[in-house]
Amino acid sequence: MITLNHYLAVGGLLFCIGLFGALAKRNAIAVLMGIELMLNAVNINLVAFNHFLAPDQVTGQIFAIFVIVVAAAEVAVGLALVLNIYRRRLDSNIDDLDWLKW
Amino acid sequence: MANWHLLTVEILTAALGLGLLALGLLVPHSDRRGIAYVATAGLAGILAVAIGMREASGVVLGGYVIDPFGTYFKILFLVAAMLTAVCSYDYVEKMGLNQAEYYALLILATLGMMILASSGELVSLYTGLELMTITFCILAAYHLGDAKSAEAGIKYLLLGAMSSAIFLYGLSLVYGSSGTTVIREIGQQVATRGASPALLLGTIFILAGFAFKVTAVPFHMWSPDVYEGAPTPVTGFLSVASKAAAFAALVRVFFGALPDLHNFWVQLFIALAVLTIVLGNLVAIPQTNIKRLLAYSSIAQAGYLLLGIVSFSVLGVGAVAYYAMLYVFGNMGAFMAATAFYNNDGSDEIKDYAGLARRSPLVAALMLFSLLSLAGIPPMAGFVGKFYLFMSIISRQYIWLAILGILMSMVSVYYYLLVAKAMYLGNPPEGSKPLQVAPGLQVAMVVSLLILFILGIYPTPLTNYAMNSAVTFFMP
Amino acid sequence: MLDVSALLFWLLAAITIAAALAVVLLKNIVHSALYLVLTFAGVAGIYILLQAEFLAAVQLLIYAGAVAILIVFAVMLTRRGDIKASNLYNFNYLAAGVVSLALLVIIILGNGRMAWTAAPAPAPASNVAAIANAFLGRYAIPFEVAAVLLLVAMVGAILLARGGKPER
Amino acid sequence: MNFPILTAIMLAPVAGLLLILLIPEREQLTIKITAAAATFVSLVLAVLAYVQYDHARGGLQFLQDISWVPGFGINYSVGVDGISMPLVLLTAIVIFTGVFASWDMTQRVKEFFIFLLMLVTGVFGVFISRDLFFFYLFFEVAVIPMYLLIGIWGSTRKEYAAMKLTLYLLVGSAFALIGIIALFLYASQQLGYATFDIQTLATVKYDLGFQKFVFFLMLIGFGVLVPIWPLHLWSPDGHVAAPTAVSMLHAGVLMKLGAYGLIRAGVFLFPEGAKFWAPLIAVLCIVNVVYGAMIAMVQRDLKFVIGYSSVSHMGYVLLGIASLNILGLDGAVSQMFAHGIMTALFFALVGNIYHKAHTREIASFGGLAHQMPRVAAGFLIGGLASLGLPGLNNFVAEFLIFMGSFTRDQALFGGILPFRILSILAISGIVITATYILRVVMKTFFGPRKPEWDHLEDARGVEMVPVVVLIATLLLFGLLPSLQIDMINNGITPLVAKVEAAKAIGGIF
Amino acid sequence: MINHAWLIPVFPALAFPIIIFLTRRVRPLSALVGIAAIGASFVMAVGVLREVLLNGVTMAHPVEYASTWLGIPGLLKIEAGVLIDPLAAVMLLVVTLVALLVEIYSVGYMHGDPGFSTFFGYLSLFSASMLGLVLANNYFMIFFFWELVGLCSYLLIGFYYHKQSAARAGLKAFVTNRVADFGFMLGFFFLFAIFGTFNFRELAAAIPSYQNTGFLALAAALVFIGPIGKSAQFPLHVWLPDAMEGPTPVSALIHAATMVAAGVYLLARAFVLFASLPGIMLLVAYVGGFTALFAATIAITQRDIKRILAYSTISQLGYMVMAMGIGSMTAGMFHLMTHAFFKALLFLGAGSVIHALEEQDIFRMGGLYKDMKVTVSTFVIAALALAGVPPLAGFWSKDEILAGAFDHGFTGLYIIGTLVAFLTAFYMFRLIFVAFFGDRRAGLHAHESPLTMTVPLVILAVLSVVSGFVGAPFVSHGFSSFVYYGEPHHIEPNYGVMLLSTIVALAGIGLAWLLYGRPSDVPARLAERYRSIYKLLVNKYYIDEVYLWLFHRVGLGLAEAFNWHDRHVVDGVFDGVGDVTRLSGHKLRLLQTGNLQTYALVIFTAVVIIALWMAAPVLGGVIQ
């Protein structure tokens, strides 16, 4: 029997993989990918909760849709910024973005 | 439905923002300055409406709460937006084109904050939060000619996205353990079901998300970089309004949904407050860039605001509200001065402020008194705010916390006075001229200065409003 | 014994996780992007298992379609140097691994200790109708906000991607 | 309601300040005259109030109440009693003379007088406030103008000194603030309503632990300003760096804020706490007196001598407070007044010398009495006041303090050490004081004429205003002390009655 | 007249501001104001004395009236009052008379000095203070004026402030007196602590019945420190010789006749306190006796005319103190009075010489008697009086002290006293023979002083001759039945003592003549022979050196140490706190690396840490 916890475990795993990607990758786009993974993990959680705990309402699914929308917006702006920076520095590595520090 | 009128402020704001976007396409380039005035006037109008609605209360669509607390913060955002708009006239012109978009984004960010402050439901809270965050990313990167600005934008975006991911994870856990996203209902569920591991974990995650937005240490690290890189008026707006909005939402979530867990989260907030106050103030000392200095100082200010949360009382929330409002004037005052200086000399370095008092008494005075207000020196408004905050935590017997807070605010006096030292004690460089400040900005400066004094000397009306708005969270 | 849905779950879970791992572990960013699409698809499958068909469709459309394409484009536009080493780790990947693992343990433990309280009511017949109702009813405000948000993102993306004229 | 004389005293400088804002910078004389006029109004009103104070009725007089923040029981309420009235007068005298002592100021005159008047407003505010909130508010208002005044117009390591002073004072006031808030919360819980009114707060019964704790906070908070050893270092540095008028106001009045706060918000509200900590205060006061005087003896800069002498003299104030009886406290308040006038005189004269000679190095002087007989005479009189010569105000004050502490019958350290021994040790300071003051007089003013100082002109014209006014004040209250002591006693008696009514407890030692 | 006695100090007190502020530029007027004021006081003092004699005011029944100067209800009453008894009346007369004569003398002596007017102003202030002191009816008031006379002494010693040595001498005098005043003040604080009053008569009434003599003895001993300082008793005598830096009339008035006698006067005023404490009395007696001998031995080797007189003064003051100590207040006061006359005369005479020669070293003088007849003859009369040659004033008063010591069984003190009498006669006549007789030194142009100076000399000379008779044992109802402690008594003449002291005085004069009366190398040979003793005496037993060492090495050393401690340790600690704060800011700043993934890492690490910190409720259990 597949329980809620199974889904949550998948969500958790996905979240942490995404987190690892976001923390450990040099390329800004890869970081964005990691973030997308994290958001997907949240969505799995939301939908699973919706399915197992409160199926009378679709709150979780609605929430997930909003998350997807926001994620899309974030990606759009994020990629635009990456392009902007790339054009200036010919580089999309985050390591090098340290003009602002201390 | 019957109570759509409660949304007047939000609707007007959205209309203004979108209208400006449209206007930007219609108005010829040479005449763009008018857009700035329209934006300012529009904000002023909305502000008037909001003040008129300050006592309104009601719930729209079951999850959107209009109450004095929310309206208080909306007024705050509008004031901040107005000051930012006034402050931006020259600055934006210097940055280049796209003025209409700039003001539109400013206003839409304000909209996001309003949603955030009034949401009684997690989904709209999240969307409001993201509207604000993404708009700010764009605004932070708005100085297209400046590589630092882009860096600020991407730092804010990526870190903001990561923090909202964990925040969202927290929301999902809270949703899972209570079965609802309406804050009031969550509160009821928590009251009946009690604490559970996932709920507490969710609380921690949510706290991390808010801590990021309010720049609580150690979630603060984005802010100095972003503040430094972003266009100065945007930094001002970001540092006051987005922080205030996050605090408003934080209060709603923690006091509305999780009051029964306060024994749990108060400890976390204490830790955050201590770290924030200490680190913010200490690291501000060696700063040489005014924006960075203000960034650290505003980190420290967030720590003081957290004290109000720690106290978990009407007084505490009221103090947070009061402090947030005068913080608008204090911090925006400083940023207005910094903008005026940047417009003339193109520098944000404190050492270049030498002799500013001779070159422009008004700008120097505004900077000085704004900083003193931030430091909590009477008769500036900041003193009263800090007074309430410390009162609130002492009433909870956290005397050590109060001592720490006050001592660290004396450290803050040190670095604020370093700025004062440059402005007043230093001599202006050879051949420097008096600062040219646009009349509109001058008016805004004088008004801001006067308000700082007035709120410090006669704080009663605002105090009453702030305290009354805070009562909501402690009514059975 | 394993029933069909369980089998599907394990399968989808395995694909999703494996693809996700590939996204973060591979050194070629183009490959990463492709595996990302696969992950999104896997997640969409899980949604179906959870009876959220509409959401699965949205997921496929927006994520696997739009977002992934956007990313691939971006990868192409910012490509420079050797594509095989376009997606390397930074210097603190070890710490990142430790933190991620620790968080995983915490999440699993926290969730695992939960006694989830299920609502008694049965699932509504049609998700789609319920979702539509919710969008235009209870969630009208976030819906509008999301619309504004997308507009903002669009404007912003155009502004930023177009770039400004250099400093005067 | 009658004419709000106290508010008028406080607002006269504000009015002057606003007027000065409107005067263009180059009209220096007009600015100075405006400042002098504003402070003169304060002075006249203060004298008037002093004379009109009804001794028979006693207590707080010239009351004025305006509700300010009702929710927190904050009222703008002013009034003076026998303790604060002399200090209001002191402030008025010192600022009035201070304006004249700054008459030779030529650099950034406008800002200078603006800040100076701002500063004095705060000082007046503290002394007239009956509301603890306003008390504290005014207390802090005085600090920042001080920073700028010292930082801009000072000398000798001015930036360092200004920062040091500001931080010391603010850190001190931080403790006081905590104390005030804790007190307020405790009291409003006991009373059932919120109030910051000092008289009302004094009616509350605070439990012993609370008293000890809060009094300690007050001791640190106000002690810094007194300044109590070892928190005193801001004061010599600050004195030295500050421009003349600021030194006058600073040593003359600002330090008194601390002692006043300690009496008003410390002893009056927490008599048992005061009893507990009194021995510590007494011990520290000996350090202040003796150690401060010893250090003054080896200073090379005239202002440092006076700076450390202030540390030493304020030690007597502490001794008076520690004695917790009528004589001692009468003396303490009287000493606050007397020291204020005396030290203002010193700084006015040293400022005069410094302005003309551009140095304050004692070793470089000698025989200045030849060139500057009036300054020398004034300085000598100041010195005599400082060493407690009869006929001058300081003598009366010190005498009362000595009597007060001497008649305090208490045994410390389990009965081994009578309080009296502490007081004897402190009194021994009069010998050291005489030594260093007269040595300075000798080295600076006596001895053969030095031709290199022949260009120095004696004080004359407006420069003599501070000298004459201050000396006259010292003589007036020195020869007719009843004028002062009756007033002070009027304020101290109820306070001591409260202390005596409090539970008898042992001291910290 | 008695009822207006409070006016006596008021005249000169008014003269002071008048001279300083009004008449300073018109010198003759200044002198006139000063003299007129003290003259008026003198007239009133005579009137007071007359009324005291006629109206039966006695020691037991004085006249006292007072008004409150400073009162704190129930706690403290400080009076400004007047207490007139024979003691005060005599003292008033002595002070006003000497002051009057000195002021007249000063007109001549100070003629041409740029500080002429100021000088008269200070003298007036001094007279006022001294008279106030005499009239005081309580300890507080006596202390008040005690300090003021100290101030005047300081001002007048340092009158020639351009001389470094004068300035130093003034400082020394003031500080030394401060030490004494500190003790004095503590003493009457103790009295106040015990009895709750400062008033002499109230104390006199209360003291005899007080039981705790130990405590009282402490108070008395402390009070006695006051006279030790003011009357220059060992070990606080060091200031008086240096005080000779002041103008000579000042030395005559303040440092010989009046102010230094204030200590003795205080002992007389406080006699009831001491009389009840035999131990303290003994202390007083021996301090006095020792000082008398000690100072006399120094005087025999000094060369400076004023210094010789100064040590002589110390020695004589020691006599008076000794008289008090052996219980004979009458003798003490008697000697005070006669001493005031002849010592003032000696100083004025010396002043006349200095005025003429501008030279103070007696060995550079000689043969002055030819040119300065009045000065020298009056000086010799005074010296005879001081040496105790009958029937001059000094003889009677000194004799009474010696007789008192003998009668009361203080044999030791009696021997000391007699020895001192011998030494006194010796050093005075050493001075006279060396300075006034013998050969005239080359280059000296001595001339007699003007009339304003010589007339006071003559008057004082007359007084030095006759004033002794008021207290001579042959006179009935003399001084002893007038100024006394306890019961009036008549002193029986003790012919043995008289005879011995006369012989001793003559022997001293004779020895002086032998050694110094004609050219001789004996003194030099003696000095060579007893070189170490001679050096000890010339250097005044090195007491100044010891004090200087104590002050500079110990006092200033300690002060420097404190200063260093304050600047480095205390300031170091607080600055250190500041530095640590600043430094930690600088270090913490480096955490901000600029790398956004590090920031993210920190955020998530923080989340993990918080979760682990809260592991108990989150992972391991459920909070309540």
Side-chain angles (χ1 to χ4, degrees), chain A residues 1-2 4-10 12-21 23-27 29-30 32-34 36-37 40 43-44 47-48 51-56 58 61-62 64-66 68-73 75-77 79-84 86-87 90-92 94-95, chain C residues 5-6 9 13 16-17 20-21 23-24 29 32 36 39 43 46-47 50-52 55 58-59 62-63 66-67 70-71 74-75 77-78 80 86-90 93 96-97 100 103-104 107-108 111-112 116 118-119 121-123 127 130-131 134 139 142 146 149-150 153 156-157 160-161 163:
Chain A
M1 182 65 188
I2 303 303
L4 174 57
N5 276 344
H6 289 91
Y7 287 98
L8 294 182
V10 172
L13 209 49
L14 202 54
F15 188 87
C16 292
I17 292 169
L19 177 62
F20 176 71
L23 292 180
K25 288 292 188 178
R26 296 177 67 181
N27 193 317
I29 297 174
L32 270 173
M33 290 185 202
E36 294 308 318
L37 289 180
N40 268 281
N43 280 352
I44 292 179
V47 178
H51 178 75
F52 283 97
L53 302 180
D56 53 328
V58 287
Q61 292 192 29
I62 298 272
I65 292 174
F66 280 111
I68 291 171
V69 171
V70 168
V75 167
V77 175
L79 291 176
L81 267 170
V82 171
L83 283 180
N84 184 321
Y86 179 79
R87 210 173 300 132
L90 295 178
D91 187 359
S92 57
I94 290 176
D95 300 22
Chain C
S5 67
F9 170 79
T16 311
I17 301 299
L21 279 174
V23 170
V24 299
I29 190 138
S32 289
L36 186 65
T39 317
V43 172
I46 290 175
Y47 290 161
L50 289 168
Q51 294 173 329
L55 197 62
V58 172
Q59 167 86 3
I62 297 184
Y63 262 131
V67 172
L70 203 58
I71 287 177
V75 167
L77 281 173
T78 61
R80 184 165 149 269
S86 57
N87 193 15
L88 301 176
Y89 294 120
N90 60 11
Y93 70 96
S100 307
L103 195 67
L104 180 65
I107 289 173
I108 301 280
N111 286 341
W116 300 101
N127 268 331
I131 289 171
Y139 295 99
L149 174 60
L150 284 175
L160 296 175

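What's counted below: heavy atoms across the whole structure, side chains too, no hydrogens, waters or symmetry copies. Naming convention: chains lettered A, B, ... in sequence-line order (proteins, then strands); numbering from 1 in each chain.
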So for C:Ile62, is it side chain, backbone, both, or neither that comes closer than 4.5 Å to the heavy atoms of chain A? side chain
Working to the nearest 0.5 Å, report the span between CG of C:Leu21 and CZ of A:Phe20. 9.5 Å
If you tally heavy-atom pairs under 4.5 Å between each of A:Val82, A:Leu32, A:Val10 and chain C, the highest tally belongs to A:Val10
Do A:Leu37 and C:Leu36 make a side-chain contact, defined as non-hydrogen atoms from C-beta onward lying under 4.5 Å apart? yes
Between C:Thr39 and chain A, with a heavy-atom cut-off of 4.5 Å, which part of the residue counts as in contact: side chain, backbone, both or neither? side chain
Are side-chain heavy atoms of C:Leu149 and A:Val70 found at a separation under 4.5 Å? yes
Pairwise side-chain contact, C:Leu55 with A:Asn43, heavy-atom cut-off 4.5 Å (strictly under): no
Less than 4.5 Å apart, side chain to side chain, heavy atoms only: is that true for A:Ile68 and C:Val67? no
Using heavy-atom distances under 4.5 Å, tell me whether C:Ala74 contacts chain A through its side chain, its backbone, both, or neither. both
Taken to the nearest 0.5 Å, the spacing of C:Thr16 OG1 from A:Asn40 CG works out to 9.5 Å
If one checks every heavy atom of C:Ile17 against chain A at 4.5 Å, the contacting part turns out to be both
Given C:Ser5, C:Ser100, C:Ala66, the one with more heavy-atom pairs under 4.5 angstrom with chain A than any other is C:Ser100
As an exercise, state the distance from OH of A:Tyr7 to CG of C:Leu50, rounded to the nearest 0.5 Å. 4.5 Å
Parallel, tilted or perpendicular: which describes the rings of C:Tyr139 and A:Phe66, with under 30° parallel and over 60° perpendicular? tilted
Could you check C:Ile29 against A:Met33 for side chain to side chain contact (heavy atoms under 4.5 Å, CB included), going step by step and ending with a plain yes or no? CA-CA 10 Å; C:Ile29 190 138; A:Met33 290 185 202; 3.8 Å; yes
Contact winner vs chain A - C:Ser32, C:Ala153, C:Ala96, C:Gly156, heavy-atom pairs under 4.5 Å: C:Ala96
Rounded at 0.5 Å granularity, tell me how far CG in A:Leu19 sits from CG in C:Leu104. 10.0 Å
Going through the distances and angles, do A:Leu14 and C:Val43 end up as a side chain to side chain contact (heavy atoms under 4.5 Å, CB included)? CA-CA 10 Å; A:Leu14 202 54; C:Val43 172; 3.9 Å; yes
CD1 on A:Ile44 to OH on C:Tyr47, rounded to 0.5 Å: 6.0 Å
One option among C:Leu150, C:Leu70, C:Ile108 has the most heavy-atom pairs under 4.5 Å with chain A, and it is C:Leu70
